[in-house]
Amino acid sequence: MNIHEYQAKNLLEQFGVPVPRGYAATNTKEIQSAISDIGEEMIVVKAQIHAGGRGKGTFTDGYKGGVKVVKNSDEAHKAAKQMLNNTLVTAQTGPKGRKVQTLYFTEACDIEHEYYLAIVLDRESAQSMIIASTEGGVDIEAVADATPEKLIRLPISPTMGLRSHHCRSVAFALGFEGEQVKQFSRILTGLYKMYWEKNAMLVEINPLVKTKQGKLLALDAKVSFDGNALFKHPDIHSLRDLNEEDPKEIEASNNDLAYIALDGDIACMVNGAGLAMATMDIIQSFGGSPANFLDVGGGANEDQVTAAFKIILSDPNVRGILVNIFGGIMQCDVIARGIVAAAKNVDITVPLVVRLEGTNVEAGKKILRESDVALTPADSLSEAAEIIVQKVKSTT
Amino acid sequence: MSILVNKNTRLVVQGITGKTGTFHTQQCVEYGTNVVAGVTPGKGGQLWENTIPVCNTLKEAVNEHGANASVIYVPPAFAADSILEAIDAEIPLVICITEGVPVRDMAEVRNRLDAKSTKTRLIGPNCPGIITPGECKIGIMPGYIHKPGRVGVISRSGTLTYEAVWQLTQSGHGQSTCIGIGGDPINGTSQLDAVRMLNEDPDTDAIIMIGEIGGSAEEEACAYIKENVKKPVAGFIAGASAPKGRTMGHAGAIVSASGAGTAEAKFSAMEDAGVSIARNPSEIAGALLRIYKG
């Protein structure tokens with residue numbers, strides 16, 4: 001789960017990491033008080049969306065830049081008016097962009113140098129990895145590609161945790177001296193504590209800046225949490241912003257279904273994540289284009305299957321549906337009854353191809369045959385994919 | 001004719017009295033797996049379904065009932081603790097079926113598994129389990145799709161494994177052992193570990209490896225295959241059509257925003273290692289049978 005920059009900075013502050021003073025606002029009244037509370041000439045106005053590249057982004061009405069440094073409060077109001085409820089397109093949002101519903105106003109600071117600092121859980125080594133660089137404020141992947149020697153990587157054992165010597169060694173590698181080594185160590189300690197205690201998968205400060213006054217500050221922050229650990233952290237779970245998610249994906253998660261919206265026109269409904277991906281792949285290999293990933297899981301009931309049909313049909317691009325079930329725990333007769341029930345509740349107006357295999361397959365096929373649901377049965381995954389791709393093509 | 005589990009396996013079920021544990025224990029007993037005990041703290045001394053003794057601790061199941069493998073069906077919040085209890089009891093094999101274990105918990109477990117004093121191998125979490133057809137089934141896979149034979153199958157996915165196994169069985173080729181290593185980013189047994197074991201097993205003649213996008217487990221296994229494996233190997237990677245930066249159902253199935261862990265990179269590693277590739281998931285057995293006559 002991802003959160004907004006202002007939420008990440010509030011958390012960082014709680015863990016002792018200094019950030020520029022700032023206020024979030026979602027409407028004209030809040031904007032008014034945020035700008036007056038900053039009380040400085042120079043103000044930074046930042047669009048809050050779950051995607052990077054905001055500064056270089058463009059709004060759909062042509063207004064440029066989702067991050068603006070302005071010289072006075074009038075300009076701050078002007079920038080805010082342009083950004084709020086406007087749609088920002090960045091390198092990470094895709095062409096549709098994201099609607100900006102929250103703005104963040106912060107004090108500006110005199111930057112002497114920009115650094116990069118992050119902690120990620122490295123899946124291959126099962127260690128936490130500190131990643132730091134003197135080249136901050138830019139895309140760190142680009143730094144890693146062009147100048148890998150400028151990336152400092154330090155593994156931290158999950159059982160031993162972060163120690164003082166780790167902090168010192170990263171501080172010295174970044175070229176800090178004297179008082180700044182202490183400042184940096186406090187920042188890294190706080191960052192690690194937050195990462196560990198809140199079950200984060202990634203905490204990233206980019207840039208971490210040294211001001212002309214010699215102070216270290218987190219100027220931007222990105223945090224991503226382990227969805228499987230949210231049950232431990234209601235405070236983090238409450239930071240979820242449903243505005244940032246596809247409504248179909250929200251509906252799916254409410255029904256315990258794993259659904260991801262894609263750009264194609266052939267919807268799929270599958271049990272198991274690996275088989276669901278493979279089903280998308282085979283649609284593509286026959287020249288079709290998958291409209292979604294959907295794993296109904298191992299124990300889906302009739303209600304979930306009905307919900308799944310409603311969700312995939314609420315996508316206006318869908319022109320055909322492929323159901324692919326390999327019954328293991330999931331029994332084919334259960335899914336067949338689900339399909340029949342769903343067809344009564346949901347108006348299925350596009351071609352439907354169903355492939356059932358595995359536990360209770362004959363009973364499942366019989367239920368479908370004896371129902372009046374308009375569908376084409378298929379015996380193998382290949383056959384099913386080929387038929388649905390042809391049917392969708394012939395309706396174009 | 002197998003690795004890790006066979007007719008001598010004496011299974012203990014952690015979480016035997018829960019709904020999931022009960023259902024799958026019944027299935028495994030029906031298949032012929034020798035389930036010697038269950039563990040549910042606080043229910044020690046009872047009999048599960050009037051047949052199998054329930055213990056309070058795993059150590060008790062090992063000491064008093066001679067369990068030499070454990071399967072875990074406990075909820076995600078408690079799964080890591082159950083794995084660690086099994087490691088402390090020095091049981092040789094633990095299979096964790098549970099989906100949704102926090103990654104941080106698994107990072108701690110993996111560090112314990114990697115310690116020199118550890119005597120336990122973990123399979124999973126978030127996996128269908130392991131089966132040596134005709135001898136021992138541990139986990140949630142449907143037994144009847146399998147058939148005893150000499151092809152080893154390794155996979156990060158559940159139902160996709162069933163798909164491949166069914167293709168093998170229908171074409172007349174049985175399996176030595178099928179291992180689901182699980183779809184999580186940090187797990188106990190890697191593709192490489194499983195390939196190595198099947199390569200060293202005298203009763204396995206050929207191997208099928210099914211991977212997914214995300215991480216580099218398949219690439220590591222392929223580096224080993226290239227140098228060490230003379231047996232025919234076929235492979236498939238799920239997720240060629242998946243978008244970047246999205247977790248595709250399995251927590252570990254994600255192509256990073258920077259483009260690491262793609263299906264294409266894994267297919268090329270397979271090709272480089274001489275693995276026969278199935279680009280189409282309905283041709284996984286076919287890809288093996290191109291280079292293996294059985």
Using a cut-off of under 4.5 Å for heavy-atom pairs, which of [options] has the most such pairs with chain B?
options                   : value
N228(A), V270(A), L294(A) : N228(A)
I283(A), N271(A), I325(A) : N271(A)
S382(A), A200(A), A385(A) : S382(A)

So, taking the atom named [atom1] in [X] and the one named [atom2] in [Y], what distance separates them when rounded to the nearest 0.5 Å?
X       : Y       : atom1 : atom2 : value
L121(A) : M106(B) : CG    : CE    : 11.0 Å
I282(A) : E283(B) : CD1   : CD    : 7.5 Å
S125(A) : I186(B) : OG    : CD1   : 7.5 Å
T159(B) : D295(A) : OG1   : CG    : 7.0 Å

Contact part of [X] toward chain B, heavy-atom cut-off under 4.5 Å: side chain, backbone, both or neither?
X       : result
S380(A) : neither
N199(A) : both
S128(A) : neither
E124(A) : both
E383(A) : neither
A276(A) : neither
F326(A) : both

Going by heavy atoms in the side chains, are M201(A) and R104(B) under 4.5 Å from each other?
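Contact flag for M201(A)/R104(B) side chains = no.
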Which region of [X], side chain (C-beta onward) or backbone (N, CA, C, O), has a non-hydrogen atom less than 4.5 Å from a non-hydrogen atom of chain A, or is it both or neither?
X       : result
I145(B) : side chain
E212(B) : side chain
T247(B) : backbone
M248(B) : both
D105(B) : side chain
E99(B)  : neither
V109(B) : neither

[X] atom [atom1]: more than 12 heavy-atom contacts under 6.0 Å:
X       : atom1 : answer
R290(B) : CZ    : yes
K222(A) : NZ    : no
K193(A) : NZ    : no
D263(A) : CG    : no
F78(B)  : CZ    : no

Contact winner vs chain A - [options], heavy-atom pairs under 4.5 Å:
options                            : value
P142(B), G100(B), S157(B), G249(B) : G100(B)
R156(B), H24(B), R279(B)           : H24(B)
A253(B), A77(B), G143(B), A251(B)  : A77(B)
E220(B), E163(B), K244(B)          : E163(B)
G158(B), A242(B), P76(B), P185(B)  : P185(B)

Note: R246(B)-E245(A) ion pair, threshold 4.0 Å (strictly below):
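Result for this pair is no, no salt bridge flagged.
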Can you tell me if Y144(B) uses its side chain to pair, donor with acceptor, with the backbone of T359(A) under 3.5 Å?
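Yes, the answer is positive, given that a donor and an acceptor are paired below the 3.5 Å cut-off.
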Report yes or no: does D281(A) contribute a side-chain atom to a donor-acceptor pair with the main-chain N or O of A240(B) at less than 3.5 Å?
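Yes: the side chain of D281(A) pairs with the backbone of A240(B).
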Qualifying residue, where the test is side-chain contact (heavy atoms from CB on, under 4.5 Å) with R123(A) and the options are V103(B), N187(B), I254(B)
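Of the listed residues V103(B), N187(B), I254(B), the side-chain contact (heavy atoms from CB on, under 4.5 Å) partner of R123(A) is I254(B).
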Using side-chain contact (heavy atoms from CB on, under 4.5 Å), reason through I213(B) and M277(A) one step at a time and then give a plain yes or no.
CA-CA 9 Å; I213(B) 51 168; M277(A) 275 188 277; 3.9 Å; yes
Tell me the closest heavy-atom pair linking A238(B) and A278(A), and the distance in Å.
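Reported closest heavy-atom pair: CB-N, 4.2 Å.
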Checking side-chain contact (heavy atoms from CB on, under 4.5 Å) for the pair M160(A)/N111(B): CA distance, chi angles, key distance, verdict?
CA-CA 10 Å; M160(A) 295 297 288; N111(B) 276 260; over 6 Å; no
